[in-house]
2 protein chains.
Amino acid sequence: MTPRTAENGRPAIKALPEPPDLPPPLPEPAVADIRLETVLAALSDPLRLRIVRKLLLESEKFDHTCGWFGLDRPKSSLTHHFKALREAGITRQRQYGLERRSHVRIADLDARFPGLLDLVADWTPPER
Amino acid sequence: MTPRTAENGRPAIKALPEPPDLPPPLPEPAVADIRLETVLAALSDPLRLRIVRKLLLESEKFDHTCGWFGLDRPKSSLTHHFKALREAGITRQRQYGLERRSHVRIADLDARFPGLLDLVADWTPPER
DNA sequence: TGCTATGTTCGACTCAAGTCGTACTGAGTG
DNA sequence: CACTCAGTACGACTTGAGTCGAACATAGCA
């Protein structure tokens with residue numbers, strides 16, 4: 001594992017290479033249009049913080065469906081939160097048949113807001 | 001000016017030494033109790049982002065009154081926002097006679113969320 | 001004593017966000 | 001074709017945040 005920050009010993013957060021031919025991403029802001037206010041607002045919700053953190057720390061394959069997260073909420077709520085993350089520029093979503101899979105736009109966010117994703121990865125959810 | 005981060009050339013953001021005898025701070029969370037969700041929510045408002053950024057970049061004396069910011073809002077709105085910043089653990093406020101002066105808890109925030117204040121300092125307000 | 005200046009407190013209003021149920025869509029499968 | 005499964009779309013509800021005006025509090029000063 002290549003560490004994300006050389007100083008600490010935390011596991012790496014690494015952008016996975018994108019396979020060549022993929023379904024096009026759902027509508028999302030361009031890198032230059034990602035706004036700090038919007039990103040912070042999107043990340044101020046504990047559920048979305050959990051989603052992004054889990055994507056950062058536990059991603060195995062290229063991207064993951066809503067169901068992979070094991071969130072105990074109705075589907076309509078999940079749609080809401082995943083849409084918020086995508087429209088803020090935090091995640092990218094692609095349609096694979098029926099499934100809509102998400103991953104974090106690591107390179108884009110690192111370029112725009114260096115260090116931000118480390119804070120998310122280090123976050124600990126509030127107990128109970 | 002000692003740079004906050006050695007790599008870039010941005011002006012320093014430095015915690016100023018606290019004079020020995022000061023009025024006690026208004027109620028605020030302890031360092032360990034500062035929550036990322038809360039901080040991000042507090043910073044997701046453009047006006048508060050402006051306040052913190054201005055404190056980081058233009059602070060000259062130890063701390064500043066509400067009026068120093070030159071914000072064109074009624075006083076009750078300012079009270080609301082400064083309280084939100086203080087209760088999130090971002091700023092510290094002290095009462096000097098009639099005035100309530102604020103400064104950013106730089107050391108505390110750096111310890112808890114390294115890099116976060118750099119993002120605020122680098123932020124550019126939306127035009128118009 | 002009164003005036004001014006700084007800022008709080010309260011309550012009202014508006015609006016956005018989170019929450020969810022229900023109905024729908026569209027791909028895969030038998 | 002009928003069925004299931006992943007997820008969207010829509011609308012309703014509730015809550016909390018931002019907005020502000022008006023009234024109040026208090027330190028300093030003339």
Side-chain angles (χ1 to χ4, degrees), chain A residues 22-28 35 37-52 55 61-103 125-126, chain B residues 22-28 35 37-52 55 61-103 125-126:
Chain A
L22 289 178
L26 299 181
E28 66 181 22
R35 301 271 337 154
E37 317 86 284
T38 314
V39 170
L40 296 186
L43 293 178
S44 68
D45 183 278
L47 187 71
R48 292 196 288 256
L49 220 33
R50 279 182 55 189
I51 290 174
V52 178
L55 275 176
K61 296 187 284 227
F62 174 61
D63 37 15
H64 297 272
T65 79
C66 294
W68 174 75
F69 296 88
L71 301 166
D72 190 20
R73 301 288 176 94
K75 292 184 291 181
S76 50
S77 297
L78 298 184
T79 299
H80 172 72
H81 289 292
F82 279 95
K83 183 179 178 188
L85 287 172
R86 174 171 51 83
E87 292 183 339
I90 299 173
T91 57
R92 172 165 298 148
Q93 287 186 292
R94 286 193 162 91
Q95 193 86 29
Y96 292 80
L98 266 187
E99 297 171 344
R100 190 166 285 196
R101 294 175 166 267
S102 303
H103 70 275
Chain B
L22 289 178
L26 299 182
E28 66 181 23
R35 301 266 344 150
E37 317 87 282
T38 315
V39 170
L40 296 185
L43 292 178
S44 68
D45 184 277
L47 187 71
R48 292 195 288 255
L49 220 34
R50 279 182 54 190
I51 291 174
V52 178
L55 275 177
K61 297 188 285 224
F62 174 60
D63 36 16
H64 296 272
T65 79
C66 294
W68 174 76
F69 296 89
L71 302 166
D72 190 19
R73 303 288 176 92
K75 293 183 290 181
S76 51
S77 298
L78 298 184
T79 299
H80 171 72
H81 289 291
F82 279 95
K83 184 180 177 186
L85 287 172
R86 174 171 51 83
E87 292 184 339
I90 299 173
T91 57
R92 172 164 297 147
Q93 287 186 292
R94 286 193 162 90
Q95 192 86 29
Y96 291 82
L98 266 187
E99 297 171 344
R100 189 166 286 196
R101 294 177 165 265
S102 303
H103 69 275

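Below, chain A is the first sequence line, B the second, and so on; all start at residue 1.
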Residues in residues 42-51 of chain B with a heavy atom under 4.0 Å of DNA chain D, by number, are D45(B), R48(B)
Distance-minimising heavy-atom pair for [X] and [Y]:
X: A41(B); Y: S44(B); answer: O-OG, 2.7 Å
X: P125(A); Y: R35(B); answer: C-NH2, 4.0 Å
X: P46(A); Y: E37(B); answer: CG-CG, 4.2 Å
X: L55(A); Y: S102(A); answer: CD2-O, 3.8 Å

To the nearest angstrom, how far is [X] atom [atom1] from [N] atom [atom2]?
X: E37(B); N: dA17(D); atom1: CD; atom2: P; result: 14 Å
X: R73(A); N: dG21(C); atom1: CZ; atom2: P; result: 12 Å
X: L71(B); N: dT6(C); atom1: CG; atom2: C1'; result: 15 Å

5'-most contact on DNA chain C: G97(A) or A41(A), nearest heavy atom basis?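 Here A41(A) is the residue nearer the 5' end.
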Steps toward side chain to side chain contact (heavy atoms under 4.5 Å, CB included) verdict (F82(A), T65(A)): CA-CA 10 Å; F82(A) 279 95; T65(A) 79; over 6 Å; no
Using side chain to side chain donor-acceptor pair (under 3.5 Å) as the criterion, point out the one residue from H103(A), R86(A), R100(A) that pairs with Q93(A). R86(A)
Using a 4.0 Å heavy-atom cut-off to protein, can you give one letter per nucleotide of nucleotides 1-11 of chain D, 5' to 3': B if the base is in contact, S if only the sugar-phosphate is, - if neither? ----BBBBB--
Start with the C-alpha distance between L71(B) and R50(B), add both sets of side-chain angles, then the distance that settles side chain to side chain contact (heavy atoms under 4.5 Å, CB included), and finish with yes or no. CA-CA 10 Å; L71(B) 302 166; R50(B) 279 182 54 190; 3.7 Å; yes
If I take atom CG from residue L40(A) and atom CG from residue D45(B), how far apart are they, to the nearest 0.5 angstrom? 11.0 Å
